[in-house]
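Accompanying notes for the structure given below.
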Amino acid sequence: MNLILEIGSGLCLLLGCFLCLSGGVGILRFPDFFTRMHAVGVTDTLGAGMILIGLMLQNPEGLVLLKLMMILLFTLFINPTASHALAKAALRNNLQPVLDESTNKGGDKPSKP
Amino acid sequence: MIAIAIVRTKDLLAVVMLTGIYGLLSASFFVVLDAVDVAFTEASVGAGISGLLMLAAITMTGRAEAPKRHKPLLALLVVFITGGMLIYGTLDMPYFGSFEAPVHQHVAPRYINDSMQEVGVPNIVTSVLASYRAFDTLGEVAVIFTAGIGVLSLLSLPLRRKSLQLDESSKDQMHEQHMVLRIVSKILIPFILLFALYVQFHGDFGPGGGFQAGVIFAAAIILYAMLFGLDTARRVFNQSLIQLIAAIGLLLYASVGVVSLFNGGNFLDYNVLADDPIAGQHLGILLIELGVGCTVAAVMIIIFFNFAGRREAQQHATEQSSLELINSPELNSTEPNNGKGE
Amino acid sequence: MLLGLYNYWIVVLLMMIGFYIVIAHGNLIKKLVGLTIFQTSVFIFYISMGNVDSGSAPILAEGVARYSNPLPHVLILTAIVVGIATTALGLALVVRIKESYGSIEEDEIQIQDQLTEDKTSC
Amino acid sequence: MLTAATIAILVVMLLAIIRCVVGPTLYDRILAFNMFGTKTVLLISILGFLMGRPEFLDIALVYALINFISVIGVLRFSDSIEFKHPLQQQASPKEDKQ
């Protein structure tokens with residue numbers, strides 16, 4: 001039983017690390033703001049969740065577990081909300097996504113709700 | 001580190017962002033150095049409140065920094081000389097982490113070894129803060145209170161009822177814009193307040209205490225004020241009430257000391273507060289932390305409200321003056337000049 | 001051998017960066033940021049003095065033999081909150097300066113001051 | 001495993017800092033800031049487990065909350081800045097390039 005928990009937590013941590021790293025590479029390499037946000041938003045939420053779950057499997061005990069679950073809950077609440085607000089604010093201030101050359105002519109349509 | 005980037009960046013907003021990251025980073029540094037309580041405080045203060053205050057100030061003063069007009073060579077020279085002398089001074093310092101350093105010889109062993117018997121609180125930082133060195137802390141709280149009064153006297157505005165109706169339309173617009181944010185924060189704010197109370201009363205056993213709890217509490221109120229408008233928040237926590245709370249916190253702290261004086265002990269000597277010295281200590285620390293928490297939270301809220309209120313008034317004034325400009329171009333406004341730089 | 005002192009070097013570096021910002025930049029808010037950095041370097045100095053090898057956080061627990069020195073923690077904890085309060089006071093002053101002078105650059109303010117002095121003396 | 005996770009998170013933090021320093025627009029910086037905050041939460045909770053003092057989780061919890069508040073604050077204030085100073089907003093990128 002203990003071994004299974006160990007392995008599970010190790011796997012979760014590894015997966016979380018991989019996701020976080022990919023998010024980090026994404027924030028550096030992607031060409032414009034919205035794709036960067038996509039990279040960060042997707043991988044951050046899942047990566048943070050994975051790492052927290054891995055920690056949870058590591059030490060399942062009373063108050064610590066409760067606090068970890070609170071952190072997980074808050075992360076799941078907060079990250080998408082912040083991303084949403086960020087994207088909305090960026091769009092409202094006319095930050096255009098970089099589109100393909102061919103579709104760029106009608107490109108300013110989606111930014112005006 | 002980041003500080004170098006802060007030197008180079010001209011856009012003040014980016015500077016504030018970097019300051020926030022710098023606060024987070026230094027807090028993780030404190031965690032690595034085993035200073036849990038300090039990291040706690042730095043987390044809530046350095047990353048949250050200070051950045052917000054700087055932002056509020058920047059919105060009032062404009063964000064671009066003017067290019068430099070004189071050569072910084074002299075400054076660099078001074079800095080290098082001072083730095084070199086300081087580094088030379090460090091050569092005599094004890095090594096990092098050594099146990100024989102003079103800092104660890106004097107009073108610290110007594111705090112570490114005896115505080116459990118004398119105060120009965122597991123968190124040594126709390127016991128030193130609120131019991132051994134309570135007089136220091138009283139002074140610090142008084143300083144914070146004074147700073148709050150200073151901000152109040154510098155930035156407070158006469159109450160104006162007229163502006164309320166004009167804001168309604170913009171408020172409706174804001175409602176629609178931040179729908180998701182509002183709902184999520186409505187869910188979150190009770191948790192934040194609850195967590196602040198937990199930090200307040202759990203400070204004896206884990207990291208935490210009055211200072212941190214006050215800041216977290218204030219942060220929750222600030223979040224509310226940012227999303228639901230300052231007037232709504234003012235309706236819940238009106239100005240005079242907060243000022244009263246700030247004063248009461250400080251008074252509570254000092255009066256605990258006076259009560260212990262009346263009971264035959266020294267000033268802020270809690271052993272005499274109850275029959276049992278340990279119980280007395282517990283009671284004293286609890287009351288004092290409560291006083292600290294009240295004062296800190298109230299002062300932070302006062303500071304933020306005044307900054308934000310001043311900002312709203314300014315925006316309002318600029319809107320009005322621009323309207324007036326449209327109506328009659330040669331009218332010069334009597335409002336204090338708050339437009340752009342030159 | 002000398003590497004055991006690296007924490008002081010970090011502190012000195014940060015302190016000098018803050019110092020440089022304060023004396024070389026004209027913008028008042030930037031100066032306040034520099035002051036904050038300076039402050040933080042002092043905090044790190046204190047905390048790193050209080051750290052002990054293989055020590056633990058100063059919260060009494062079972063099975064922990066050595067604790068860090070709690071005294072610097074107490075001092076810095078209060079200092080951080082006092083620091084934010086004083087920073088807020090400084091920002092309030094900056095805002096008032098902006099309102100009355102229309103600028104927060106140091107040299108522009110000085111020029112304006114000199115102009116008003118000349119007017120009063122003439 | 002925990003050590004590996006710590007190192008990975010430190011690397012990601014470094015990347016986020018780079019993006020925050022070079023970030024062409026304000027929103028890139030906010031995004032990097034947000035990501036940095038999340039990573040700090042993770043780092044501190046992992047450090048707590050590494051040192052065997054799970055009390056550190058309190059700090060991580062505070063971080064999660066405060067980070068949210070500061071991101072929201074930055075957004076609100078930056079909005080109002082751009083409504084108020086549209087000219088300066090256009091002028092500032094030029095200065096950055098100098």
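Each chain gets a letter, A, B and so on, in the order the sequences are listed, and its residues count up from 1.
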Next on the checklist: Please enumerate all residues that pass salt bridge (charged side-chain N to carboxylate O under 4.0 Å, His left out) together with D136(B), with sequence neighbours excluded.
Outcome noted: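 Testing D136(B) for salt bridge (charged side-chain N to carboxylate O under 4.0 Å, His left out), a comparison that skips the adjacent residues, returns R133(B).
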
Query - Interface moiety of V151(B) toward chain C, non-hydrogen atoms closer than 4.5 Å - result: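 Contact with chain C: backbone and side chain both.
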
Quick check on L154(B) against chain C: is it the side chain, the backbone, both or neither that has a heavy atom closer than 4.5 Å?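 Contact with chain C involves both backbone and side-chain atoms of L154(B).
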
Side chains of residues 79-93 of chain C: which donor-acceptor partners sit under 3.5 Å, not counting sequence neighbours?
{"unit_1": "T86(C)", "atom_1": "OG1", "unit_2": "V82(C)", "atom_2": "O", "d": "3.0"}
{"unit_1": "T86(C)", "atom_1": "OG1", "unit_2": "G83(C)", "atom_2": "O", "d": "2.8"}
{"unit_1": "T87(C)", "atom_1": "OG1", "unit_2": "G83(C)", "atom_2": "O", "d": "2.7"}

Would you mind telling me which of L75(C), I76(C), I47(C) has the largest number of heavy-atom pairs within less than 4.5 Å of chain B?
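Between L75(C), I76(C), I47(C), the count favours I47(C).
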
For this session: Assess whether atom OH of Y46(C) is packed by more than 12 heavy atoms of other residues, nucleotides or ligands within 6.0 Å.
Result: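 At most 12 heavy atoms, drawn from other residues, nucleotides or ligands, come within 6.0 Å of this atom.
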
Starting at OG1 of T40(C), measure out to CD of E42(B) and round the result to the nearest 0.5 Å.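 Rounded to the nearest 0.5 Å, the OG1-CD separation comes out at 6.0 Å.
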
